[in-house]
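Read the structure below first, then the notes.
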Amino acid sequence: METKKFIEKQIKEIKRTAGLEKAISALSGGVDSSTCTVLAARALGKQLRVIFIDDGLMRAGEPREVKAAFAKLGIKVEVLNYRKRFFAALKGKTDPEAKRRAFRNTFYKVFGKEVLKSKARFLIQGTIKADIIETRGGVKTQHNILEQIGIDPQSTYGYKMIEPLKTLFKHEVREVARAAGLPEKIYKRMPFPGPGLMTRVVGEVTPRRVALVRQATQIVEEEIAPLRPFQAFAVLLQDKGTGVEKGKRKFGEIIIVRSVESRDAMAARPTKVPWEILMKISKRLTLELPTVTRVAYELTSKPPATIEYI
Ligand code: XMP
């Protein structure tokens with residue numbers, strides 16, 4: 001791929017598709033949506049509105065950090081707080097696909113509302129090749145793949161999609177991000193799924209359970225970061241396990257530590273994390289999160305497992 005040519009071509013294509021109409025970019029702060037937001041901002045200037053939906057499922061400090069990173073690039077990001085709406089949609093749901101459906105429907109309804117409000121006709125989205133392949137292959141219903149699963153965004157939600165990165169794999173997106181001037185912090189960033197921490201909470205997604213996984217993820221990311229894994233995070237299980245505290249038994253929560261190496265997320269293997277780091281993570285998780293009694297390190301490759309837990 002010739003990165004510069006790709007960028008120029010996509011900028012032209014976005015301009016041609018949108019014409020004089022307004023567009024909205026769905027920024028999550030991940031590599032994919034950040035890259036297409038920069039391309040769209042170059043193509044459309046003031047015709048583009050950049051929205052960051054705070055769904056309550058982001059990592060610690062994320063909305064603030066993303067806003068600041070884009071301000072440095074001269075791109076204004078509006079952070080909209082829709083946390084209650086997402087938690088209401090997820091309430092009581094435990095089935096992984098039911099959770100994915102609820103997230104996706106809420107995401108597009110909220111966006112549809114914002115698109116209508118701003119009279120935008122287009123939604124710019126960072127769908128990449130692996131997302132499309134895996135949704136088509138039935139591995140999962142990715143939140144951002146609509147046409148592929150038979151939903152017409154125009155008749156269902158009232159807007160058309162522009163997906164400038166859909167022919168690229170992750171490592172190619174990173175090249176484009178770098179060439180487009182995004183900071184290293186963003187183009188080298190670990191992939192983070194659109195439905196956020198929801199994919200790491202097995203069972204019901206409640207504000208309390210998400211807060212727990214958020215704190216745990218921060219600890220895992222901090223400790224494993226020096227190894228530069230493809231992705232590292234924490235998962236909260238639905239099951240519990242007995243522990244002891246001050247001589248008394250307590251039935252506590254179980255955190256899985258997951259770290260994987262991969263090129264394009266289509267296949268992955270567990271990171272060989274040194275024992276000392278694993279022990280430090282275990283110690284920190286049980287000390288800093290008092291409801292956690294057990295920590296385990298995940299040893300499964302993809303396939304047969306997926307990277308995320310739902
Ligand atoms: P899995 O868990 O299917 O994940 O092996 C493969 C890669 O995709 C990310 N992922 C998602 N990204 N929306 C996204 O934008 C989603 O619904 C989604 N589900 C998983 C995951 O983090 C990994 O990098």
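One is the number of the first residue; the rest follow in order along the sequence. Predicted, not measured: the structure shown is a model, and the values here were computed from it. Indexing begins at 1, ligand by ligand and atom by atom, following the structure's order.
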Candidates T127, I307, D131, D32; heavy atom nearest atom 1 (P) of ligand 1 found on I307
Between E204 and K91, does at least one N-O distance fall below 4.0 Å, as a salt bridge requires? no
What atoms in ligand 1 come closer than 4.0 Å to a heavy atom of K302? 1 (P), 3 (O), 5 (O), 6 (C)
Can you sort out the partners of F233 under ring pair (Phe, Tyr, Trp, His ring centres under 6.0 Å), two or more places apart, ordered by chain and number? none
Heavy-atom contacts with P191 under 4.0 Å: which atoms of ligand 1 show up? List them by number with element. 24 (O)
Show the atoms of ligand 1 that are less than 4.0 angstrom away from any heavy atom in A265. 6 (C), 7 (C), 24 (O)
Check whether any N or O atom of F192, backbone or side chain, sits under 3.5 Å from an N or O atom of ligand 1, and answer yes or no. no
Look at the side chain of S262 and the backbone N and O of A267, then say whether any donor-acceptor pair between them is shorter than 3.5 Å. yes
P195: numbered ligand 1 atoms lying under 4.0 Å from its heavy atoms: 13 (N), 16 (C), 17 (O)
Purely on distance, is any nitrogen or oxygen of R200 under 3.5 Å from one on ligand 1? no
Once ring pair (Phe, Tyr, Trp, His ring centres under 6.0 Å) is applied, do any residues pair with F122, and if so which ones, sequence neighbours excluded? none
May I ask which of Q231, K170, E308 has a heavy atom nearer to atom 2 (O) of ligand 1 than the others do? E308
Does this structure show an ion pair linking R49 with E114, if we count only N-O contacts that are shorter than 4.0 Å? yes
Would you say the rings of Y82 and F86 are close, in the sense that their centroids are separated by under 6.0 Å? no
Yes or no: does R100 have any heavy atom under 4.0 Å from an atom of ligand 1? yes
Would you mind telling me if ligand 1 is within reach of the side chain of P193, the backbone, both or neither, using heavy atoms under 4.0 Å? both
Cationic tip of R59 above F192 ring, under 6.0 Å, 45° of axis: yes
